[in-house]
Number of protein chains: 2
Amino acid sequence: MDAAIACFRRRGFHQATMQEICAEAGISAGALYRYFASKAEIIAAIAEDKRGERDLLFLQEAQRSGLIEALCLIAGDFFEKLNAGDGALIADIIAESIRDDVIAQSLSSNDRAGVELIAKAIRDAQARREIDATLEPESAANTLYALIEGIGLRRAFLRETDPVAALLQFRAAAERYLSPRT
Amino acid sequence: MDAAIACFRRRGFHQATMQEICAEAGISAGALYRYFASKAEIIAAIAEDKRGERDLLFLQEAQRSGLIEALCLIAGDFFEKLNAGDGALIADIIAESIRDDVIAQSLSSNDRAGVELIAKAIRDAQARREIDATLEPESAANTLYALIEGIGLRRAFLRETDPVAALLQFRAAAERYLSPRT
DNA sequence: ACCTGAACACCGTTCAAGT
DNA sequence: ACCTGAACACCGTTCAAGT
């Protein structure tokens with residue numbers, strides 16, 4: 001899987017060949033297909049593997065510095081990845097997920113867990129009167145996720161991937177979106 | 001190009017073959033390569049062709065019903081497309097744009113024109129005191145675009161492509177984002 | 001039980017040959 | 001000048017043969 005990550009990052013999902021991944025991993029094509037049923041399944045495994053240990057960090061930051069700082073942690077991470085050249089790969093994963101039900105299912109459970117985590121932090125922040133109490137937590141968490149991904153992909157597309165500028169844009173939008181109504 | 005659209009919609013960008021497009025168009029492979037230098041160039045031509053006549057409609061709606069209704073026109077259009085099954089193709093186009101500088105350049109000029117259009121409508125709405133006057137128009141236009149694309153792609157990924165629900169989500173977020181500060 | 005790597009089916013692209 | 005379609009180089013995947 002490390003070999004596949006290296007190859008995909010270097011050449012993108014569709015450009016990287018199974019032969020290259022085999023060479024990088026030091027195994028034959030037959031052996032690779034013993035562990036992954038297809039090329040698409042390799043992405044699914046990679047993406048699934050990427051989340052997890054960040055969850056704890058997020059909740060800690062939400063308690064210590066507030067919801068928006070915690071969101072900026074996630075957003076900043078994502079923008080760094082895009083700036084490092086993973087944009088096309090991320091878009092490939094999205095495309096592959098939209099097309100393939102099996103991949104979508106294996107990724108969306110992970111995604112829903114992330115949304116639930118943010119929703120929980122939103123409820124905490126509402127209890128602390130830090131943000132608007134009339135926001136529906138799940139829906140707001142989803143919207144914030146969409147905003148992060150949308151800003152990141154747009155910036156990759158427009159070749160404006162400076163992660164600091166991207167984070168400023170997200171922070172400003174999130175503050176407006178979350179601030180209490182009058 | 002109509003043949004390519006039909007094939008891409010039916011099977012996706014990477015799954016559709018040049019042979020299929022040739023058959024659908026009723027020409028040979030050689031003839032196709034007389035008009036398009038590569039498969040990637042066909043997407044670029046399609047995407048470039050898609051905008052244009054909507055611009056006038058947007059400005060009229062912005063004048064008649066306000067900025068948010070006009071934005072909902074664009075967003076609704078986009079969500080309809082995703083619900084009709086174009087999500088994977090759109091993600092493919094984004095991935096291809098991020099990877100390929102030539103495609104990115106040909107698409108981004110069109111994209112910038114769209115952002116400029118929204119920015120203009122934002123300035124008008126600010127003059128009418130309809131929305132927050134402290135928003136920077138270009139940056140806000142970009143953020144709204146990112147929000148539309150982010151919501152749409154996320155919903156396609158999560159298999160929740162009902163365009164009415166998507167539009168409600170966008171409208172609520174846009175209202176919060178644009179409303180005057182206190 | 002697990003791996004190898006040649007072979008298979010198929011792809012995007014080219015170009016000599018036609019009209 | 002423009003088109004045809006067989007041929008080329010190369011891809012993801014398989015499977016008989018090895019260890």
Side-chain angles (χ1 to χ4, degrees), chain A residues 1-49 86 88-107, chain B residues 1-49 86 88-107:
Chain A
M1 250 175 64
D2 285 337
I5 291 172
C7 290
F8 288 156
R9 185 164 293 161
R10 205 180 307 136
R11 306 231 298 137
F13 176 62
H14 292 288
Q15 272 63 37
T17 71
M18 292 302 252
Q19 314 291 340
E20 286 169 2
I21 297 170
C22 291
E24 180 95 21
I27 57 171
S28 69
L32 183 59
Y33 276 85
R34 185 158 281 277
Y35 300 106
F36 300 99
S38 70
K39 200 179 177 185
E41 199 171 273
I42 300 179
I43 300 199
I46 289 174
E48 193 147 7
D49 210 59
D86 286 0
L89 180 55
I90 290 168
D92 279 336
I93 293 175
I94 294 173
E96 222 49 38
S97 299
I98 293 175
R99 207 166 350 251
D100 187 325
D101 281 337
V102 178
I103 297 177
Q105 214 148 21
S106 97
L107 295 186
Chain B
M1 250 174 65
D2 286 338
I5 291 173
C7 290
F8 288 155
R9 184 164 294 162
R10 206 180 307 139
R11 305 232 299 138
F13 176 62
H14 291 289
Q15 272 62 37
T17 70
M18 291 303 251
Q19 314 291 339
E20 285 168 2
I21 297 170
C22 291
E24 180 96 21
I27 56 171
S28 70
L32 183 59
Y33 277 85
R34 187 158 280 277
Y35 300 107
F36 300 99
S38 71
K39 200 179 177 186
E41 198 171 273
I42 300 179
I43 301 198
I46 289 174
E48 192 148 7
D49 210 59
D86 286 359
L89 179 55
I90 289 167
D92 278 337
I93 292 175
I94 293 172
E96 221 51 36
S97 299
I98 293 174
R99 202 159 3 244
D100 187 326
D101 281 337
V102 179
I103 297 177
Q105 213 148 22
S106 98
L107 295 186

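Quick note on labels: first sequence line is chain A, next is B, and so on, each numbered from 1.
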A:H14 NE2 to D:dC11 P, in whole Å, measures 14 Å
The answer to which of B:Y33 and A:G26 contacts DNA chain C further toward the 5' end, by nearest nucleotide, is A:G26
Sorted by position of nearest nucleotide on DNA chain D, 5' first, the leading residue of A:R11 and A:A29 is A:R11
Atom CD of B:Q15 and atom C1' of C:dC10 are separated, to the nearest Å, by 13 Å
Applying the 3.5 Å cut-off to both distances, the Watson-Crick or G-U partner of D:dA6 turns out to be C:dT14
With the side chain defined as heavy atoms from C-beta on, B:T17 is closest, among C:dC3, C:dC11, D:dC3, to C:dC11
With the side chain defined as heavy atoms from C-beta on, A:S28 is closest, among C:dC3, D:dG12, C:dG12, to C:dC3
(message) Are there over 12 heavy-atom neighbours, none belonging to B:Q105, within less than 6.0 Å of that residue's CD?
(response) no
Check: Contact class for A:Y35 vs. all strands (heavy atom < 4.0 Å): base, sugar-phosphate, or nothing?
Finding: sugar-phosphate
Atom CD1 of A:I42 and atom P of D:dG12 are separated, to the nearest Å, by 10 Å
Between CZ of B:R34 and C1' of D:dA1 the distance, given in whole Å, is 7 Å
Contact check, side chains of A:F13 and A:I93, non-hydrogen atoms, under 4.5 Å = no
Over all strands shown, is B:A40 touching base, sugar-phosphate only, or nothing at heavy-atom distances under 4.0 angstrom?
nothing
note: B:K39, atom NZ; D:dC11, atom P; distance rounded to Å ~ 15 Å
Checking N1-N3 plus N6-O4 or O6-N4 for Watson-Crick, or N1-O2 and O6-N3 for wobble, each under 3.5 Å, the partner of C:dT19 is D:dA1
A:F13 CZ to D:dC11 P, in whole Å, measures 14 Å
Against the side chain of A:A31, the closest entry in C:dT13, D:dC11, C:dT4 is C:dT4
Tested for salt bridge (charged side-chain N to carboxylate O under 4.0 Å, His left out) against A:R9, the lone hit among A:D86, A:D2, A:D92 is A:D86
- Query: Any donor and acceptor pair, going by atom type alone, linking the side chain of B:E41 with main-chain N or O of B:A37 inside 3.5 Å?
  - Reply: yes
In whole angstroms, the gap separating C1' of D:dT14 from CG of A:L32 amounts to 13 Å
Taken to the nearest whole Å, CD1/A:I21 to C1'/D:dT13 is 13 Å
message = Is it the case that the side chain of B:K39 and the backbone of B:T17 share a donor-acceptor pair, with hydrogens and angles ignored and the cut-off at 3.5 Å?
response = no
